[in-house]
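Just so you know, ligand 1 is whichever comes first in the structure, and atom 1 is the first atom listed for that ligand. The first residue in the sequence is number 1, and the count goes up from there.
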Amino acid sequence: MYLFVAMKPNNLNIPVSQYKRIVILGGGFAGLNLAKKLINTHYQVVLLDRQNFHQFQPLFYQVAMAGLEPSAIAFPIRKMFRKSTNVFVRQAEIHQVNRENKSVKTDRGVIEYDYLVVALGAITNFFGNEEIAEKSYSLKSLGESLLIRNRMFEDFEDSLFVENYEKRQGLIDFVIVGGGPTGVEMAGALAEMKRYIIPKDFAELDPGEIDIYLVQSGENVLPAMSAKSQRKAKQYLEDMGVQLILQDRVTGFDGLNVQLKSGRTLKTEKLIWAAGITCPQIQGLETDSNNRGRLEVNRHCQWTEDEDVYAIGDVALMKSDKYPYGHPQVAQTALQMANHVAKYLKNKDKNTTVKEFVYKDRGSLATIGRNKAVADFPSFSMGGFLAWMIWLWVHLFSLIGTRNKVIVMINWMWSYITYDTALRLIIKQKK
Ligand SMILES: Cc1cc2nc3c(=O)[nH]c(=O)nc-3n(C[C@H](O)[C@H](O)[C@H](O)COP(=O)(O)OP(=O)(O)OC[C@H]3O[C@@H](n4cnc5c(N)ncnc54)[C@H](O)[C@@H]3O)c2cc1C
């Protein structure tokens, strides 16, 4: 039973309660899962996010490639808490944390907390290159996915008006930077678009003119996966016509030409940056610059600087013997840390000991294209059709909301049977 005592207007209009207040910053995998686990507990929970929906990042590239509509991989945060009386959701941009008076400053006002949980995820790391940050595309939000989709189809449309070969190259070629799962999945999806979609939609365009480059600084793609998966993924990409540029780096991009460290220049107006992440910096939560913005936490996800502040998900850096540089920044880590903190907080005042967090590695997967994926499990690796089926299954069932699951499944079945994706619309905001 939730008790309302009084309203405090400077607290984002959240009622004052007899219960302690947990403020969760970020409604991604970690924050949303934690709030869900705290429904109907002896806490008042306030969940803050700049967006009113949760986004399923692993399928961003399918939105960018026009395989899925954004609404199929987004879920309204409020919907999850319709029946709860102790969880309050506020759409707000978080600006600052004041640990002295235990409050968070947002663009909508200030809120006080008893416990603070930071679950702000990660942002694209451009390694200080302002020009690349300004002119390239990245894939960290649904908005950015749509930006890529619009730009790609606009450029294909524009290319039909261009007689000059060089100029046309700039419009139809792609350079992807970063050979991690995002870069590999993007490159594979583009190769399939070149093979199956472009000849149908843009019959006047020679698909042979479309170059897809994937630039990776290391010797192999998917550096976090096993050698077997790396080899297989490389083979798949090459077979699909992706031009791999390994052991080289992108050093500059003026919007027309991509400069590589080796001295090579690639012509494209679309540079897709998937080369690294860092964490958002919030005033009051400053961290060691060596931690790439992550907050160092103990084995209960408590920030080493302040035991009333917890960090979970991509933003948490928990060092252990097995993970001396922290856990992989993936959805499983976020979900498992959220479960742990929920358990810890529920038992906090009960004198019960909660075992320290131990990450359960359930394996990693990356898809390259139709019937082609690689999978690493703790004791074995596999590739091909079976790995692809596992990838489809895992992603389908990790999506939030039955409606989303059904829509995505129908889309995937349709694409598999017809070799086509349904949606190639250029929809832009009108000023
Ligand atoms: C393209 C892509 C593909 C991926 N593929 C996979 C995959 O296949 N498998 C896998 O396991 N993982 C994958 N990941 C990683 C996975 O998505 C992350 O590890 C996971 O989302 C981390 O969860 P989180 O809750 O820590 O952060 P997020 O899910 O990023 O949530 C952070 C939330 O904080 C909010 N926020 C941030 N700053 C502010 C602010 N200042 N004010 C208000 N709100 C704010 C954001 O709006 C967001 O809702 C992928 C990531 C990307 C980008």
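- Between F53 and ligand 1, a contact under 3.5 Å exists for no N or O pair.
- Set against the non-hydrogen atoms of A92, the atoms of ligand 1 under 4.0 Å away are 42 (N), 43 (C).
- With hydrogens and angles left out, the side-chain atoms of D376 and S364 include no donor and acceptor closer than 3.5 Å.
- Here the protein heavy atom with the shortest distance to atom 17 (O) of ligand 1 is Q57 OE1, 3.2 Å.
- Across I282, D49, N52, D107, heavy-atom proximity to atom 47 (O) of ligand 1 is greatest for D49.
- Side-chain contact check for Q44 and S17: no donor-acceptor pair (N or O, by modelled atom type) lies under 3.5 Å.
- For atom 42 (N) of ligand 1, the nearest non-hydrogen atom of the protein is I94 N, 2.9 Å.
- Taking the six-membered ring for Trp and the full ring otherwise, the centers of Y19 and H42 sit at least 6.0 Å from each other.
- In terms of polar-atom proximity, Q332 is not counted as a contact of ligand 1, lacking any N or O under 3.5 Å from an N or O of the ligand.
- Here's the thing with A331: one of its N/O atoms is less than 3.5 angstrom from an N/O atom of ligand 1.
- Aromatic rings of F81 and F88 (six-membered ring for Trp) have centroids beyond the 6.0 Å cut-off, not under it.
- For atom 27 (O) of ligand 1, the closest non-hydrogen atom on the protein side is G121 CA, 3.1 Å.
- No side-chain N or O of E112 forms a donor-acceptor pair with one of N101 less than 3.5 Å apart.
- Compare S145, P58, S364 by their heavy atoms: the one nearest to atom 7 (C) of ligand 1 is in P58.
- The nearest protein atom to atom 21 (O) of ligand 1, hydrogens excluded, is given as F29 CD1, 3.1 Å; this is a heavy-atom distance.
- With a 4.0 Å cut-off on non-hydrogen atoms, A334 touches ligand 1 through its side chain and not its backbone.
- Per-residue contacts place A119 under 4.0 angstrom from the following atoms of ligand 1 (heavy atoms of the residue considered): 32 (C), 33 (C), 34 (O).
- Counting atoms of ligand 1 from 1 in the listed order, those under 4.0 Å from a heavy atom of G28 are 25 (O), 28 (P), 29 (O), 31 (O), 33 (C), 49 (O).
- For Y196 and Y419, the ring centers are positioned less than 6.0 Å apart.
- Aromatic ring centres of F75 and H54: separated by at least 6.0 Å.
- When each atom of ligand 1 is checked for a heavy atom of G313 under 4.0 Å away, the hits are 26 (O).
- Ranking the protein heavy atoms by distance from atom 34 (O) of ligand 1 puts G26 CA, 3.4 Å first.
- Considering every non-hydrogen atom in both G121 and P280, the closest pair reads O-CD, 3.2 Å.
- When only modelled atom types and interatomic distance are considered, N150 and E154 share no side-chain donor-acceptor pair under 3.5 Å.
- Heavy-atom proximity to V330, at under 4.0 Å, picks out these atoms of ligand 1: 10 (C), 11 (O), 12 (N), 19 (O).
- Residue contacts with ligand 1, taken as heavy atom pairs separated by less than 4.0 Å, involve L120 via backbone and side-chain atoms alike.
- Close approach to H395 involves these atoms of ligand 1, each under 4.0 Å from a residue heavy atom: 8 (O).
- R50 NH2, 3.5 Å is the protein heavy atom nearest to atom 40 (C) of ligand 1.
- Between D361 and Y323, the side chains place no donor N or O within less than 3.5 Å of an acceptor N or O (distance only, hydrogens not considered).
- Judged by distance alone, the side chains of Q329 and D314 never bring a donor and an acceptor atom under 3.5 Å apart.
- Per-residue contacts place L139 under 4.0 angstrom from the following atoms of ligand 1 (heavy atoms of the residue considered): 1 (C), 53 (C).
- Between P70 and R149, the closest heavy-atom pair is CD-NH1, 4.3 Å.
- The side-chain tip of R370 points at the ring of Y416 from less than 6.0 angstrom away and within 45° of straight on.
- Shortest contact from atom 25 (O) of ligand 1 to any protein heavy atom: A30 N, 2.8 Å.
- On a distance-only criterion, D314 and ligand 1 share at least one N/O pair closer than 3.5 Å.
- Closest approach of A92 to R108, counting heavy atoms only: CB-CG, 3.8 Å.
- Those atoms of ligand 1 that come under 4.0 Å of a heavy atom in Q329, given as number and element, are 15 (C), 19 (O).
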